[in-house]
Amino acid sequence: MELVDQIATYQASGIFTDGNGVFLNRYGGSWGSNSDPSFVRLEDPENGILPGNNTKCSPLVTHLFRNLYGWNWSEHAFYDPVEAKVKTSVSPQAYQYCALIKQQVSFVQVPTLADALPGDILSWWVVGSSSDDHTMIIQNVNWSSAKPYPVGLSNSNPALAGTTFYEVRVVDSSSDTHADDTRLVDVGGVIEHIDGIGTGTIGLLVNQNFEIVGRTWSLPTSDYATKPNTWVKSLNSRLKLAPTWEIVVGRFQQP
C-alpha cells in the first residue's frame, strides 16, 4: 500500500515526525474529533507535506473508501447484530463491517479463501461482542505456505483434521504486531514497535472447501517440518475458531 511505503521510506531515513513534532504513524484518533481527528494523509512533497496516519483498524478502511471512492457509509443502512436494529454509521466498527459484508451492503461476500483477491476486506469478531473485532485489507495469500494440520500427535486437535493453514499478508492499523510486521522499525539502531498502519502476516485455517474456520493474529514460532508437534501446539494456542469467532471476507462494490 502506498501510504505504508511512504511512511516506511521516511522512517528508514530517520524521519519519524512531521514539522510539528507529531509522529507520522499513530494508532488512535476519533472520527469527527477536533482535538484528535482520525485521518490518513499521502505525502505531497511539492507543498512540504509528509505522509501521516492516525487511525484504528476500521476507520482506516473507512478513510480509504472515502478517499478512493468518495464513499459515505452514513447513506447505507444495515442491521446491527449487537444493537439489534437497523441503523447507519459514518464510521462502522469492525464487527459492523462483518455485518455489512454478510448483508451485502455495498459488498459481495467472498465465500472461500480460494476466491479472495488483493484489496478484499477481511473482518472478524466474537459473535455478539462489540469489542473483540478487527478489520484489515488482504494484500495477498501465500499459497505456497500451505500446511496441512498435523494429526496423530500428542498436541493435535482431532477436530481440526483435514484443515489447512495459510499465511496471509494484510494491511491494517493496529497497536499490536503480526508476524514479519513493518511496524517493527529501526530507530537509531534499536528495533522499536511503532503503532499505526502497517503490513504483517496472519494465518487463516480453512477446511477442505477452503471455507475459513479459524484465524491467528501471528504465526506459529516452531518449524513445521522438523518440529510438527511443537508447531501444532503453537498454532493451537493462537487459533480463534468458528463459530465462536466469525471470520468473513468481502469485496467492495460501488454502485
Engineer: Lys240 versus Thr216: any side-chain heavy-atom pair under 4.5 Å?
Structural biologist: no
Engineer: Within a radius of less than 6.0 Å around CG of Asn47, do more than 12 heavy atoms belonging to other residues, nucleotides or ligands occur?
Structural biologist: yes
Engineer: Please round to the nearest 0.5 Å and tell me the distance separating atom NZ of Lys102 and atom OH of Tyr79.
Structural biologist: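 The NZ atom of Lys102 sits 11.5 Å away from the OH atom of Tyr79.
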Engineer: So, does Asp132 use its side chain to make a donor-acceptor pair with the main chain of Val126 at under 3.5 Å?
Structural biologist: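 No; zero donor-acceptor contacts below 3.5 Å.
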Engineer: How about Val168 and Thr201: do any of their side-chain heavy atoms sit closer than 4.5 Å?
Structural biologist: no
Engineer: Would you kindly confirm whether Trp31 and Val40 end up in one hydrophobic cluster when ILVMFWY residues are joined by side chain heavy atoms under 4.5 Å apart?
Structural biologist: no
Engineer: Tell me the closest heavy-atom pair linking Val232 and Pro150, and the distance in Å.
Structural biologist: CG2-CD, 3.9 Å
Engineer: Would you please test Thr163 and Glu211 for side chain to side chain contact (heavy atoms under 4.5 Å, CB included) and show each step?
Structural biologist: CA-CA 10 Å; Thr163 61; Glu211 296 165 329; over 6 Å; no
Engineer: Could you tell me if Asp180 and His178 have a donor-acceptor pair between their side chains, going purely by distance under 3.5 Å?
Structural biologist: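 There is no such pair (donor and acceptor under 3.5 Å, judged by atom type) between the side chains of His178 and Asp180.
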Engineer: Output yes when a side-chain donor or acceptor of Asp223 lies under 3.5 Å from a complementary backbone atom of Trp231, and no otherwise.
Structural biologist: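 No, because the side chain of Asp223 does not come within donor-acceptor range (under 3.5 Å) of the backbone of Trp231.
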Engineer: Using every non-hydrogen atom in the two residues, find where Leu64 and Met1 come nearest and quote the distance to one decimal.
Structural biologist: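 Where Leu64 meets Met1 most closely, the heavy atoms are CD1-CE, 3.6 Å.
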Engineer: Closest approach of Arg26 and Phe23, non-hydrogen atoms and distance?
Structural biologist: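 Smallest heavy-atom distance, with atoms named: NE-O, 3.6 Å.
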Engineer: Between atom OH of Tyr166 and atom NZ of Lys147, what is the distance when rounded to the nearest 0.5 Å?
Structural biologist: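 Going from the OH atom of Tyr166 to the NZ atom of Lys147 covers 10.5 Å.
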Engineer: Which distance, rounded to the nearest 0.5 Å, do you find between the NZ of Lys233 and the OG1 of Thr230?
Structural biologist: 7.5 Å
Engineer: Nearest 0.5 Å, what's the CG-CG distance between Leu3 and Leu60?
Structural biologist: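 It is 8.0 Å, given to the nearest 0.5 Å.
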Engineer: Would you kindly say whether Asn157 and Asn236 are connected by a side-chain donor-acceptor distance under 3.5 Å?
Structural biologist: no
Engineer: Do side-chain atoms of Ser33 reach the backbone of Ser35 as a donor and acceptor pair under 3.5 angstrom?
Structural biologist: yes
Engineer: Minimum heavy-atom separation for Gly119 to Ile137, with atom names?
Structural biologist: CA-CG2, 3.9 Å
Engineer: Ring centres of Tyr224 and Phe165 under 6.0 Å apart?
Structural biologist: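 That pair fails the under 6.0 Å test.
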Engineer: At their closest point, which heavy atom of Leu219 faces which heavy atom of Ile202, and how far apart are they?
Structural biologist: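 Nearest pair, atom of Leu219 first, then Ile202: CD2-O, 3.6 Å.
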Engineer: Given side chains that start at C-beta, do those of Pro228 and Leu153 come closer than 4.5 Å, heavy atoms only?
Structural biologist: yes
Engineer: Quick one: does any side-chain atom of Arg251 pair with a main-chain N or O of Gln109 as donor and acceptor, under 3.5 Å?
Structural biologist: no
Engineer: For Thr55, does its backbone N or O pair with a side-chain atom of Ser173 as donor and acceptor, under 3.5 Å?
Structural biologist: yes
Engineer: Hey, is the main chain of Glu43 close enough, under 3.5 Å, to the side chain of Gln6 for a donor-acceptor pair?
Structural biologist: yes
Engineer: Determine, step by step, whether Ser218 and Arg238 satisfy the side chain to side chain contact (heavy atoms under 4.5 Å, CB included) criterion, reporting the C-alpha distance in whole Å, the side-chain angles of both residues, the deciding distance to 0.1 Å, and the verdict.
Structural biologist: CA-CA 7 Å; Ser218 58; Arg238 289 167 166 76; 3.4 Å; yes
Engineer: Are side-chain N/O atoms of His134 and Ser123 paired as donor and acceptor at under 3.5 Å?
Structural biologist: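 Not at all, the side chains of His134 and Ser123 share no donor-acceptor pair under 3.5 Å.
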Engineer: Walk me through whether Ile194 and Gln11 qualify under side chain to side chain contact (heavy atoms under 4.5 Å, CB included).
Structural biologist: CA-CA 10 Å; Ile194 297 180; Gln11 290 175 335; 3.8 Å; yes
Engineer: Might you confirm whether atom CD of Gln208 has over 12 heavy atoms from other residues, nucleotides or ligands at distances under 6.0 Å?
Structural biologist: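 12 or below, so no.
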Engineer: Are any of the side-chain heavy atoms of Ile121 and Phe107 separated by less than 4.5 Å?
Structural biologist: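 Contact flag for Ile121/Phe107 side chains = yes.
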Engineer: Just by distance, no angles: are the side chains of Thr177 and Arg183 close enough, under 3.5 Å, to form a donor-acceptor pair?
Structural biologist: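 Checked: Thr177/Arg183 side chains show no N/O donor-acceptor pair below 3.5 Å.
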Engineer: Run the numbers on Trp73 and Ser106 for side chain to side chain contact (heavy atoms under 4.5 Å, CB included), then give the verdict.
Structural biologist: CA-CA 9 Å; Trp73 278 119; Ser106 302; 3.9 Å; yes
Engineer: Between Leu100 and Pro92, is there a side-chain heavy-atom distance shorter than 4.5 Å?
Structural biologist: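 Heavy-atom side-chain distance check passes, below 4.5 Å.
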Engineer: Hydrogens and angles aside, do Asp172 and Ser174 bring a side-chain donor and acceptor to less than 3.5 Å of each other?
Structural biologist: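 Per modelled atom types, Asp172 and Ser174 side chains form no pair under 3.5 Å.
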Engineer: Using the side chain to side chain contact (heavy atoms under 4.5 Å, CB included) definition, which of the options Leu204, Leu113, Ile138, Asp115 pairs with Val249?
Structural biologist: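 Going through the options one by one, the only one that passes is Ile138.
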Engineer: Could you grab the distance from atom CD1 of Ile101 to atom CD of Glu246, nearest 0.5 Å is fine?
Structural biologist: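 Reported value, rounded in 0.5 Å steps: 9.5 Å.
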Engineer: Looking at Thr164 and Ala146, what are the two nearest heavy atoms and their distance?
Structural biologist: CG2-CB, 4.0 Å
Engineer: Under 6.0 Å from the NZ atom of Lys87, do we count more than 12 heavy atoms belonging to anything else shown?
Structural biologist: yes
Engineer: Report the C-alpha separation of Asp195 and Asn25 in whole Å, then their side-chain angles, then the decisive distance to 0.1 Å, and conclude whether the side-chain hydrogen bond (donor to acceptor under 3.5 Å, both in side chains) test is met.
Structural biologist: CA-CA 7 Å; Asp195 297 347; Asn25 199 12; over 6 Å; no
Engineer: Between Ser144 and Asn142, is there a side-chain donor-acceptor contact under 3.5 Å, judged purely by atom types and distance?
Structural biologist: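 Result is yes, a qualifying pair exists.
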Engineer: Distance-only, no hydrogens or angles: does the Asp18 side chain make a donor-acceptor pair with backbone N or O of Gly21 under 3.5 Å?
Structural biologist: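 Confirmed, Asp18 side chain pairs with Gly21 backbone.
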Engineer: Among Ser234, Ser154, Ser222, which residue meets the side-chain hydrogen bond (donor to acceptor under 3.5 Å, both in side chains) test with Asn229?
Structural biologist: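 Of the listed options, the one satisfying the test is Ser154.
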Engineer: Is it true that Tyr95 and Asp80 share a donor-acceptor pair across their side chains at a distance under 3.5 Å?
Structural biologist: yes
Engineer: Hydrophobic clustering (ILVMFWY, side-chain heavy atoms < 4.5 Å, transitive) - are Trp143 and Ile212 grouped together?
Structural biologist: yes
Engineer: Any non-hydrogen side-chain atom of Phe78 less than 4.5 Å from a side-chain atom of Thr88?
Structural biologist: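 When only atoms from C-beta onward are counted, Thr88 and Phe78 do not touch, as no gap falls below 4.5 Å.
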Engineer: Flag yes if Val170 and Trp217 sit in one hydrophobic cluster, no otherwise; membership is Ile, Leu, Val, Met, Phe, Trp, Tyr, and two members link when side-chain heavy atoms are under 4.5 Å apart.
Structural biologist: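 Shared cluster, yes.
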Engineer: Should Val141 and Leu117 be counted in the same cluster of Ile, Leu, Val, Met, Phe, Trp and Tyr side chains packed under 4.5 Å apart?
Structural biologist: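 No, Val141 does not connect to Leu117 through the hydrophobic network.
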Engineer: Just checking Trp71 against Phe65, ring centres under 6.0 Å apart?
Structural biologist: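 No: the rings miss the under 6.0 Å criterion.
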Engineer: With the 4.5 Å side-chain cut-off for hydrophobic clustering, are Trp124 and Leu241 part of the same group?
Structural biologist: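 Not linked; separate clusters.
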Engineer: From Asn209 CG over to Thr112 OG1, what is the distance, rounded to the nearest 0.5 angstrom?
Structural biologist: 8.5 Å
Engineer: Going by heavy atoms in the side chains, are Gln96 and Ser89 under 4.5 Å from each other?
Structural biologist: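 They are in contact (side-chain heavy atoms under 4.5 Å apart), so the answer is yes.
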Engineer: For a 4.5 angstrom cut-off between non-hydrogen side-chain atoms, does Val185 reach Phe16?
Structural biologist: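 They are in side-chain contact.
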